[in-house]
Amino acid sequence: MSHNYATPMTPERRLARLLLRIPEDRIVRIERLPDAGQAARWRAAIGEAGSGDCPADRWSAPFDTMADALEAAWRAVRPPAERNRGA
């Protein structure tokens, strides 16, 4: 009898996996947007290597989860070699 030993991808594990992929020399900003009578939304931005800030045009669209916002921001700026690896 076979067994599936895969650990489920929880939101915390997904966020940790994304943070491990982003190089340490990048600036990462994550904001929770104020709710307007609905659930809070998240957005993220990742600055270029060696820069001290995240330009305004780097912010992701608002997402329901922090991990979704961070993944969208990383997909927008990751190097071409990373693009083939998935999120």
Report summary line: dist Glu71:CD -> Leu18:CG (nearest 0.5 Å) comes out at 5.5 Å

**Report entry** Minimal non-hydrogen separation, Pro79 against Arg26, with atom names
**Finding:** CD-NH2, 4.4 Å

Report task. Search all heavy atoms of Ile46 against all heavy atoms of Ala73 and return the closest pair with its distance. Result -> CD1-C, 3.9 Å

Report task. Tell me, with the steps shown, if Arg17 and Met9 meet side chain to side chain contact (heavy atoms under 4.5 Å, CB included). Result -> CA-CA 10 Å; Arg17 189 177 117 216; Met9 185 61 70; 3.4 Å; yes

Report task. Could you grab the distance from atom OG of Ser60 to atom CZ of Arg29, nearest 0.5 Å is fine? Result -> 14.0 Å

Query raised in the report: Out of curiosity, Ile30 CD1 to Trp59 CH2, how far, rounded to the nearest 0.5 Å?
Result: 8.5 Å

Query raised in the report: Quick one: does Arg43's side chain have a donor or acceptor within less than 3.5 Å of a partner on Ala61's backbone?
Result: no

Report task. Heavy atoms only: give me the nearest Ala69-Trp42 pair and the separation to one decimal. Result -> CB-O, 3.6 Å

Report task. Might you work through the side chain to side chain contact (heavy atoms under 4.5 Å, CB included) test for Thr65 and Leu70, ending with a clear yes or no? Result -> CA-CA 9 Å; Thr65 68; Leu70 186 60; over 6 Å; no

Query - Closest non-hydrogen atom pair, Arg21 against Trp74 - result: O-CZ2, 3.7 Å

Query raised in the report: When you check the gap from the basic side-chain N to the acidic O, do Arg14 and Asp68 get nearer than 4.0 Å?
Result: yes

Report task. Check the pair Arg32 / Met66 against side chain to side chain contact (heavy atoms under 4.5 Å, CB included), numbers first and verdict last. Result -> CA-CA 8 Å; Arg32 185 168 59 191; Met66 186 188 304; over 6 Å; no

